[in-house]
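To start, the structure under review is shown below, and the notes come after it.
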Amino acid sequence: MKNNLVSRPVFYALHVLFWLCYGAILFASLSNWTRSPNDVWKAVISDVLTSSSIAYINYYLLLPRLYKKERYSAYILASIALVVIIVLLRVYFLGMTHMSVTYTYFIRSVPAIGFYLITTVIWFFANLIKAQRNAIELRNSQLASELKFLKLQLSPHFLFNTLNNIYSMAYFSDSNTAPAIMKLSEMMRHMLYEDQGRFVSLSKEISFMENFIELWRLKLDEKPKIFFNHRGVKDRHQIAHLIFLVFLENAFKHGNTIDGTIEINLNINASDQLFFYIRNDVIDARKTAEEESGVGLTNVKKRLNLIYPGKHELVLEQEATSFEVKLTIDLK
């Protein structure tokens, strides 16, 4: 029943118009069956009130708060109770209008059950359309994130500097040359080939982060203090692809990489709650991290809302000499 194509006042007006039309049709139909205007109005008002009640209660309360949260037994019981209450109210307002008690209750239950089924079907179709729209939007967001990574991190300039450093290591017969090439290869493979679906192995994402850090170590002439710790990660844990990339990029690109500190922690508790924390020192003369990385942070917030709706919490804290990211995700 929600519609993003019209304004809220128009949306409400359409609902009111629908029930007025429904009441007018009922009035015209019942006028042929009884000559008492009072009985007709009583039947029309009771029908409109009870039918609209069951429609909105089912659509806005039962389906989103019970069925959507997989509380199926509670939803079935609540639905039965709702229909029974509505039917009893209709019988109470209109009385026993037929000789057969069974037939009277049947007639009174038809509109209630009808609107219950109609709103259920509408809700499922609306959520199906919303899910498809979110999937398309999510894919576009993921592509934007990957393209941004290619442009800003694995751009020709970045690759040139990295390969130049690796060449220098090879020239001086540095034993770390081969591992450096392997890290760059693994990093590109993860970015290009691992994202076959929405989620990837958290262990592989951590390996990607470690390679990212090591490549930045090669790129930097200075040697800032970098700490990366993780614990509680199991093979079954999955995470959205490149979801931590913007935070890492922000810490290295906009942090104090001369003599500062970058601290990264990733922990998962027994309840599969992921806690990600990253803190980096900043230089006072620079803009705030949020100002410099506005597009990236906006992108990752949008992805989190799409992938983990109601299952994550993101806190960004900007201080005079540091920037902190605190991200909690329910992986269940």
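Heads up: numbering here begins at 1 and tracks the sequence.
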(Q) Quick check: do L248 and I264 have side-chain heavy atoms less than 4.5 Å from each other? (A)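 Yes, close enough: below the 4.5 Å cut-off.
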
Partners passing side chain to side chain contact (heavy atoms under 4.5 Å, CB included) against [X] (at least two apart in sequence or in another chain):
{"X": "I85", "result": "L89"}
{"X": "L117", "result": "I113"}
{"X": "V315", "result": "E313, E317, K326"}
{"X": "Y12", "result": "R8"}

Q: Determine which pairs satisfy salt bridge (Lys or Arg N to Asp or Glu O under 4.0 Å) with at least one residue from residues 269-282, sequence neighbours left out, and list them in order.
A: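 Sorted pair list: R236-D272, R279-D281, R279-E324.
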
Q. For K332, which residues count as a salt bridge (charged side-chain N to carboxylate O under 4.0 Å, His left out) partner, sequence neighbours excluded?
A.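 Only D330 meet the salt bridge (charged side-chain N to carboxylate O under 4.0 Å, His left out) criterion with K332.
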
Q.
Tell me every residue that passes salt bridge (charged side-chain N to carboxylate O under 4.0 Å, His left out) with K302, counting only those two or more places apart in sequence or in another chain.
A.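 Partners of K302 under the salt bridge (charged side-chain N to carboxylate O under 4.0 Å, His left out) test: E137.
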
**Q.** Whichever hydrophobic residues join F227 through chains of side-chain contacts under 4.5 Å
**A.**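 So far as hydrophobic clustering goes, F227 is joined with none.
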
**Q.** For L128, the rest of its hydrophobic cluster, which grows through side-chain links under 4.5 angstrom
**A.**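 Members other than L128 - counting any ILVMFWY side chain reachable under 4.5 Å - there are none.
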
Q: Examine Y56 and V84 and state if one hydrophobic cluster contains both, with Ile, Leu, Val, Met, Phe, Trp and Tyr joined whenever side-chain heavy atoms are less than 4.5 Å apart.
A: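 Yes, because Y56 and V84 connect within a single hydrophobic cluster, where side-chain heavy atoms sit under 4.5 Å apart.
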
Q.
Applying ring pair (Phe, Tyr, Trp, His ring centres under 6.0 Å), can you list everything that pairs with F275, at least two apart in sequence or on another chain?
A.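 By the ring pair (Phe, Tyr, Trp, His ring centres under 6.0 Å) rule, F275 matches no residue at all.
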
Q. What residues, two or more places apart in sequence or in another chain, satisfy ring pair (Phe, Tyr, Trp, His ring centres under 6.0 Å) together with F244?
A.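 Listed in chain order: F276.
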
Q. Under 6.0 Å from the CH2 atom of W19, do we count more than 12 heavy atoms belonging to anything else shown?
A.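 Yes.
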
**Q.** Test of ring centre spacing under 6.0 Å for F212 and F228
**A.**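 No, the ring of F212 stays outside the 6.0 Å limit from the ring of F228, centre to centre.
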
Tabulate below the donor-acceptor pairs under 3.5 Å that side-chain atoms of residues 67-78 make, not counting sequence neighbours, or state none.
unit_1: Y75; atom_1: OH; unit_2: N58; atom_2: OD1; d: 3.2
unit_1: Y75; atom_1: OH; unit_2: Y116; atom_2: OH; d: 3.0

